[in-house]
Participant: 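Would you mind keeping the following structure in view while I ask a few things?
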Amino acid sequence: MNCCVVGLQWGDEGKGKIVDILAEDSDIVVRYGGGANAGHTVVVDDNSFALHLLPSGVIRPDTVCVITNAVVVDPETLITEIEALDERGISLQGRLWVSENANMVMSYHKQEDRLREESLGKNKIGTTIRGIGPCCSDKIGRSYALRICDLTDLDALRNKLQAVAEYKSRIFTAVYQADPVDADELFEMCKSYADKLLGFITDTTEFLHRQIAAGKSILFEGAQGTLLDIDHGTFPFVTSSNSSALGMPAGAGVPARMVDKFIGVAKAYTTRVGAGPFPTEQDNEIGQYIRDKGHEYGTTTGRPRRCGWFDAVAASYSVNIGGIDSIALVHLDTLSGLEELKVCKAYEIDGRETAFFTPGGAKLSRTRCIYETVAGWQEDISTVEDFADLPQNAQNYISLLESIVGKPIAIIGVGPKRSQTIFR
Ligand code: GDP
Ligand code: IMO
Ligand code: MG
């Protein structure tokens, strides 16, 4: 059985926790997109792990982990993560494979990300400053892109870096009045990356197809969320990759028909970090209640997340375009204590009612949400193990979401730990 886990909202849905749980029944966990902009939290007993590039299967000692072609890999972050886990007694030697064809995020990409955001002032995207946009631009532009396989031929890489540094220096000094880029410094960095990473590099597409042929079960782990997808999200307030389920086949080099089940992860409410339209946002005491109770601060940047009601219009869109089979709904516990809950079941845009999400920014910012209001529950549900033991109003809330989104909610999260999960 091969599964794919993907976010249905604007990222941070709780994919890390769900992947860690499902990894118990998988041989291999694959990160197929995004980069170190992701922050996936896995909580095991009293230990918390924040993973940016490594797949959320790494915590399980026998799980093989793969980072495929479409991930933009920051070697510095990758090495830091590998070493940090090693220090905690989790070794990745012999069970982590990184694609030789993945593009590399370099220090100048992160610098360019920051300079570009600063130059935009109040119109900035609110990126994670992890160099994602500039690296993906170079990937699409091709001529100045660097890939992991470049670390295997340092002589050729030295020449490439010379050309890249000259080109970037011209842009940095002319456009941003910033310092030029030093080719020798880059080369020294790359030598140390090669030193530490060569043993992990392979052709991951060949590797995965061999494993599939051998009957291994694979879990594909999405990064970001469907509404941040470069082609199908709330452009320009998106990331630079296809972060919906549609990005999985291209990202991994494995056709979608080899995946038996697409699982969409959503929170029982909605959050967003960074700028951009957010129709159900509650910039008030409700949003603050959710932020405080759900600890809604970014794993990667520490920024407070914007919070609002569950947007069933947006979630249905993500389910539809991603071919989602079932939903994992987390953070139900965070809604405990609210008198009443609202669910957005339709939008009114320019006087017209619609239940179809429209990602175009201008229209979305003119949206009025049409809500269904239901009674909340006061009980602490963080130790509930069976659906039948949830308060009736919590059960009703789940049924309401299922009826609007049209897919079963098969997994319910009532806390960050593995044990705080209800399976139906
Ligand atoms: P990801 O990027 O999709 O992996 O999500 P993040 O890790 O960035 O953010 C999700 C946060 O919610 C993490 O801190 C998780 O530990 C936490 N979390 C996951 N599921 C639940 C849940 O059901 N209840 C609560 N209270 N926290 C959860
Ligand atoms: P995970 O995998 C939440 C958001 C940023 C910003 C926009 C563009 O943890 O769910 P980028 O750095 O990609 O150029 O930023 O996308 N963003 C995320 N938001 N979770 C993420 O990843 C995100 N990755 C990027 O906040 O709005
Ligand atoms: Mg996250």
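Just so you know, ligand 1 is whichever comes first in the structure, and atom 1 is the first atom listed for that ligand.
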Participant: Within the 4.0 Å heavy-atom shell around G413, which atoms of ligand 1 are there?
Facilitator: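 Listed by number with element, the hits are 23 (O).
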Participant: Judged on heavy-atom distance to atom 20 (N) of ligand 1, which of K293, K17, Q9 sits nearest?
Facilitator: K17
Participant: Would you mind running through ligand 1 and noting each atom that sits below 4.0 Å from a heavy atom of G16?
Facilitator: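 The list of qualifying atoms is 4 (O).
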Participant: Heavy-atom distance to atom 17 (N) of ligand 2: which of T41, T234, L228 wins?
Facilitator: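 That would be L228.
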Participant: Just to confirm my output: which protein heavy-atom neighbour is closest to atom 23 (C) of ligand 2, and how far is it?
Facilitator: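 The answer is Q224 CG, 3.6 Å.
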Participant: Measuring from non-hydrogen atoms of R272 to any atom of ligand 2, is the shortest distance under 4.0 Å?
Facilitator: no
Participant: Any heavy atom of F237 sitting closer than 4.0 Å to ligand 2?
Facilitator: no
Participant: May I ask you to list the atoms of ligand 2 that are less than 4.0 angstrom from any heavy atom of K15?
Facilitator: 1 (P), 2 (O), 10 (O)
Participant: Hey, are N37 and Q224 close enough side-chain-wise for a donor-acceptor pair under 3.5 Å?
Facilitator: yes
Participant: Out of T128, V265, V238, who gets a non-hydrogen atom closest to atom 8 (C) of ligand 2?
Facilitator: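 Shortest heavy-atom distance from atom 8 (C) of ligand 2: V238.
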Participant: Could you check whether Y269 and F310 have their ring centres less than 6.0 Å apart?
Facilitator: no
Participant: Within the 3.5 Å criterion, strictly below it, is a donor on W97 or T68 matched to an acceptor on the partner's side chain?
Facilitator: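 Result is no, nothing qualifies.
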Participant: Hey, does E13 come in under 3.5 Å of ligand 1, counting only N/O atoms on both sides?
Facilitator: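 Looking only at distances, the answer is yes, because the N/O contact criterion of under 3.5 Å is met.
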Participant: When the ring planes of Y317 and F357 are compared, do they come out parallel, tilted or perpendicular, using 30° and 60° as the limits?
Facilitator: tilted
Participant: Suppose we measure from atom 19 (N) of ligand 2 to each protein heavy atom; which comes out shortest, and what is that distance?
Facilitator: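 Looking at atom 19 (N) of ligand 2, the protein heavy atom closest to it is V273 CG1, 3.4 Å.
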Participant: Could you pull out, from G16, G276, G126, G274, the option with a heavy atom nearest to atom 6 (C) of ligand 2?
Facilitator: G126
Participant: Quick check: does G298 put an N/O/S atom under 2.8 Å from the Mg ion (ligand 3)?
Facilitator: no
Participant: Just go through G14, G131, G39 and tell me whose heavy atom is the nearest to atom 9 (O) of ligand 2.
Facilitator: G39
Participant: Against heavy atoms of R305, which atoms of ligand 1 measure under 4.0 Å?
Facilitator: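 In order of number, 8 (O), 9 (O).
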Participant: Would you mind checking which non-hydrogen protein atom is closest to atom 26 (N) of ligand 1, with the distance to 0.1 Å?
Facilitator: D333 OD2, 2.7 Å
Participant: Relative to atom 26 (O) of ligand 2, which among R303, R130, E13 owns the nearest non-hydrogen atom?
Facilitator: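 Of the listed residues, R303 has the closest heavy atom.
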Participant: Distance only, no hydrogens: is a donor on one side chain within 3.5 Å (strictly under) of an acceptor on the other, for T128 and R130?
Facilitator: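 Their side chains do not contain a donor-acceptor pair, so the 3.5 Å distance test is not met.
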Participant: Less than 3.5 Å between some nitrogen or oxygen of T127 and one of ligand 2, yes or no?
Facilitator: no
Participant: From the Mg ion (ligand 3) out to just under 2.8 Å, does an N/O/S atom of D12 turn up?
Facilitator: yes
Participant: When you compare the side chains of Y347 and D311, does any donor N or O come within less than 3.5 Å of an acceptor on the partner?
Facilitator: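 Per modelled atom types, Y347 and D311 side chains form a pair under 3.5 Å.
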Participant: Counting only heavy atoms, tell me which of D113, T239, T271 gets closest to atom 13 (O) of ligand 2.
Facilitator: T239
Participant: Under 6.0 Å between the ring centres of F278 and W10?
Facilitator: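 That pair passes the under 6.0 Å test.
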Participant: Is the closest N or O pair between D12 and ligand 2 shorter than 3.5 Å?
Facilitator: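 Min N/O separation from ligand 2 is below 3.5 Å for D12.
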Participant: Hey, is ligand 1 close enough to L332 that some N/O pair sits below 3.5 Å?
Facilitator: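 So ligand 1 has no N or O lying under 3.5 Å from an N or O of L332.
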Participant: For D113 and T127, which I'm curious about, is there any donor-acceptor pair between the side chains at under 3.5 Å?
Facilitator: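 Side-chain D/A pair, D113 to T127: present.
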